[in-house]
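Since we're looking at a predicted model, the values are computed, not measured. Just follow the structure's listing: the first ligand is 1, and inside any ligand the first atom is 1.
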Amino acid sequence: MPRTLDPALRRALAERVRYYNELGIYDFYQRGTAVRESAVSTAAAGIAPFLAPSTALQSETREEMAARKSAVVAPVADESIFETQAPKPEFGVADPVAALKIIREDLGECTRCKLHKQGRKQIVFGVGNPRAELMFVGEGPGADEDAQGEPFVGRAGQLLNNMIKAMGLQREDVYIANVVKCRPPGNRTPEPDECDTCSPFLMRQIAAIKPKVVVALGATAAKNLLAMNSSLGELRGHFYDFKPAGVRSNDPAWPGARLAVTYHPAYLLRDPRQKGEAWKDLQMVMKYLGLKAQKPDA
Ligand code: SF4
């Protein structure tokens, strides 16, 4: 039976593996690595343009993990840490459109984790610009996403669209995906084994797209991407150097992405008071990407 690693040991292993990655050694590691960069403090300038009254005070069924101080990072079977990884079929395919197509074909009608038999209507692979500089990663599909086959199309998706617009972009400019690609029943939080099974495909998507910035929406996305056992409050407000775990990018010149963490839009629907904090996170990203905020009435 797989055993769960002590979080401190797991972090130490992750940092050691990253060190090997920097030496050009990749093919032995299965999960996320990340190094926290020095804190970047960003003061909010003005109000969040996505503070639309229509989105305030609405409830949302999805659970947000942000408030769980003792939330546990997805357990990893220590036997798998140094497992040899076969080269991914999209490796050597420079065109991100073609690479994503290969990854989608490889995923197929996936039955790799138990979510395939718990009521999913379809796999929700991801949507957006395959050459996006900015990528958003959420937790998993909800009912609307499951029905339409596209991430973030429900009320939380509308708020995400407003957030993207406030950043001076359109939804079509960015790429949006989730940690798990099948809807967890009842919109529950995906379980660690489900995240561990599905997230390698997300890592491959990130490596194919090669964004400048990845924004993790909510605790589940942040913890799975960063492999860090911290609360959302601790994870927010910083940039992290991020390279998708277990995947080699086709472009040796790609330095990896910067990763920022903010609240899941579903959580912001439940607690609109946090929108100002989310806007601070997005402003940090905008500053890095050289984006100008769009006025609410523009
Ligand atoms: S959640 Fe991911 S790993 Fe699980 S069945 Fe769906 S596509 Fe496969």
Among residues two or more places apart or on two chains, list those pairs meeting salt bridge (Lys or Arg N to Asp or Glu O under 4.0 Å) that have a residue in residues 95-104.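 Sorted result for residues 95-104: D95-R131, K101-E105.
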What pairs with Y288 under ring-ring contact (aromatic ring centres under 6.0 Å, His included), at least two apart in sequence or on another chain?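 Y288 satisfies ring-ring contact (aromatic ring centres under 6.0 Å, His included) with F239 only.
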What's the spacing between Q274 CD and T262 OG1 if we round to 0.5 Å?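 Reported to 0.5 Å precision, the distance equals 9.5 Å.
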Return the CD to CD distance between Q170 and Q294, rounded to the nearest 0.5 Å.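 The CD atom of Q170 sits 6.5 Å away from the CD atom of Q294.
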Which protein atoms of type N, O or S are found under 2.8 Å from atom 4 (Fe) of ligand 1?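 Near atom 4 (Fe) of ligand 1, the protein supplies C113 SG.
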Mind telling me whether Y263 and Y267 have parallel, tilted or perpendicular rings, with 30° and 60° as the class edges?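 Taking Y263 first and then Y267, their aromatic rings lie parallel (interplane angle under 30°).
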Residues in salt bridge (Lys or Arg N to Asp or Glu O under 4.0 Å) with D146, at least two apart?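 Residues passing salt bridge (Lys or Arg N to Asp or Glu O under 4.0 Å) with D146: none at all.
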For R120, counting its heavy atoms only, list the atoms of ligand 1 lying under 4.0 Å from any of them.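 Per the distance check, 5 (S), 6 (Fe).
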